[in-house]
Amino acid sequence: MAKGRAARRWRFVLVALSATGILAGYLTAKLIRFVTGRPTISVDYAAEYNERMRPIGLDPNANAAPYYKDAFARLPDMPDDVFRVGRLWECEPNSIQLKAVKAWLASSDEALQLVQQAARKPAFWVERSTIAFNDPASMAGPDFARFRGALLGLRCKAEFRAMKGDASGAWDCILTICRMARHMEAGGRMEINLGQTAETLAYLSAFDLLSRTDTDSSLLREVQRQFDEISANKPPLSFQGDEILLRDAMQRYFTDNGKGDGHLVPGAIYDDSRRRNTPANELAANATYLRLLFTAWVHPSRQRTARALAYVVESAGQLLAKTPWELHTRDKSHADWLKGITKGNYFLRILTVDETLARTIEGFHCIRASGEALVTTMGILRFTKDNGRRPQSLEELVAAGYIRQVPIDPFSGKPLAFRQVDDSFTLYSYGRDFDDDGGTRSAWGNPPEGGDQVFWPVQERKK
């Protein structure tokens, strides 16, 4: 009996050890497969990107892209000494700097005229031959460097024309920058960000021009009409291109089991981490790898990440309709809202999907407010010229037909602040601190310093 019980115990122990060994072997094999897993780059999303981003019913003759390409091929590089000049208003009349700018503008005149013609085309679309998330050159359908060069060239040309007394030519250059921005803002986020930069440049240049020149009322009315027209014809912002680009990124960070699922690859996020922060020593590198190995092990699957990605992009599109003030009343921001969706998803967080989309959305609201402030300022100046006095309120400006509607501040939910000040007026937004600081100047009232975004009067720049 005792021998039988002992034999049974040994058999039980042997089975348990065998089972433990098999389980340990299985887990070890699974861990090895997990650690050694590699992404499978199986899809080139270029065709889908082209299909989604192509304007509906695009007429090839109405597409600005080939016209820009021709113009940029003729545009000479801007020399460093011209690039560093800054505002031409600050240069002495016979200075070397001003002569250098004049020479460059003369050499680029033909190209900039072609840019102005291209900007008048109603559509802009560049076909991509391939898409690779980690290769920016694959997405550089528009020549971003040349685009930026043309924008700076047009700003210089506008100031130069204004200094020569050609207000109409100066305004045409600034309106061209706005039209170029409209073309860029129809693309993915890289194009959108360049478009937002261009539009900001246009508005800054326009306010500068208004403050330094005396544009007659009839020209001002026509320029205001064109700004209104450009704004009304701007395509809505869309993040569809970003979703496709991020799906390409997903196939570079996840394995593929052939059924549309897979796991986050530890090596991929470790390599990404090394590119962003070089470990101090080998011990730190090993600790980072172990931490990221655990992160990859518990990370949501490829399918769940794909669903989260689609949801965050869809939510970003919907959040465009929500002003910063609307979310502030709920103790939220655009970034808070999107971070709530990406929480727990390391892949989406390391690509800063929530932060970059939120910055683009907030930039959208700042730029829209700037555009409405510019048109409103033009209306106030026209009203003053025509009536010999300033309007008492923005409502009076609307009633007299000088602007279409009272501009609403996205950071207060109220009309932009308009006040009479001595022999002038002030027009401003509350800015990102969401309170009225009485027109104290700042860059959009960034906390903790606060302040207001003052559009008028234009601040004099230090030489």
Side-chain angles (χ1 to χ4, degrees), residues 44-56 58 60 62-72 75 115-116 118-155 175-203 230-231 233-249 312-313 316-317 319-320 351-353 355-368 370-371:
D44 186 346
Y45 288 98
E48 183 179 352
Y49 187 93
N50 291 331
E51 182 62 28
R52 278 209 200 181
M53 305 309 293
R54 181 186 175 95
I56 298 173
L58 176 66
N63 184 12
Y67 297 90
Y68 279 130
K69 186 176 181 180
D70 181 32
F72 295 161
L75 183 67
V115 168
Q116 289 177 272
R120 291 182 178 277
K121 296 291 181 180
F124 177 81
W125 179 70
V126 177
E127 185 173 11
R128 267 66 172 188
S129 58
T130 186
I131 284 181
F133 176 82
N134 53 3
D135 179 13
S138 74
M139 286 298 293
D143 190 332
F144 290 146
R146 290 289 183 179
F147 227 97
R148 285 189 288 267
L151 292 170
L152 292 175
L154 286 165
R155 189 210 71 192
L175 286 163
T176 297
I177 296 174
C178 259
R179 293 185 180 103
M180 293 173 73
R182 175 199 64 187
H183 283 157
M184 285 287 94
E185 290 170 0
R189 191 171 69 248
M190 286 190 295
E191 288 94 335
I192 289 171
N193 290 343
L194 178 57
Q196 290 184 337
T197 300
E199 200 163 357
T200 300
L201 177 65
Y203 295 146
I230 293 169
S231 179
N233 291 326
K234 282 174 61 176
L237 287 191
S238 169
F239 298 115
Q240 291 185 67
D242 297 276
E243 181 183 357
I244 298 171
L245 185 60
L246 290 165
R247 277 162 49 196
D248 176 78
V312 75
V313 170
L319 283 172
L320 282 167
L351 297 186
T352 64
V353 174
E355 294 176 8
T356 52
L357 289 175
R359 280 197 299 270
T360 301
I361 294 169
E362 190 156 290
F364 164 79
H365 289 289
C366 289
I367 288 168
R368 188 172 67 175
S370 297

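The first residue of the sequence shown is numbered 1, and numbering continues consecutively from there.
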Do you know which two heavy atoms are closest between [X] and [Y], and how far apart they sit?
X      : Y      : result
Leu75  : Gly149 : CD2-C, 4.2 Å
Arg179 : Ala119 : CB-O, 3.4 Å
Thr352 : Thr356 : O-OG1, 2.7 Å
Gln196 : Leu237 : NE2-CD1, 4.4 Å
Ala64  : His183 : CB-CE1, 3.5 Å
Ser238 : Ile192 : O-CD1, 3.6 Å

Side chains of [X] and [Y]: closer than 4.5 Å at any heavy-atom pair?
X      : Y      : value
Leu246 : Phe239 : no
Gln240 : Tyr49  : no
Leu152 : Arg148 : no
Met180 : Leu154 : yes
Cys178 : Tyr203 : yes

Using salt bridge (Lys or Arg N to Asp or Glu O under 4.0 Å) as the criterion, list what pairs up with [X], not counting sequence neighbours.
X      : value
Asp70  : Arg74
Arg52  : Glu48, Glu243
Lys234 : Glu185, Glu199

Rounded to the nearest 0.5 Å, how far apart are [atom1] of [X] and [atom2] of [Y]?
X      : Y      : atom1 : atom2 : answer
Arg120 : Gln116 : CZ    : CD    : 7.5 Å
Leu351 : Leu245 : CG    : CG    : 9.5 Å
Leu319 : His365 : CG    : NE2   : 8.0 Å
Thr130 : Asp44  : OG1   : CG    : 3.5 Å
Leu201 : Ile177 : CG    : CD1   : 4.5 Å

Hey, is the main chain of Arg128 close enough, under 3.5 Å, to the side chain of Asn50 for a donor-acceptor pair?
->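 Checked: pair present.
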Verify whether the ring centers belonging to Tyr68 and Phe72 lie closer than 6.0 Å.
->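 Yes, they do, as the ring centres are separated by less than 6.0 Å.
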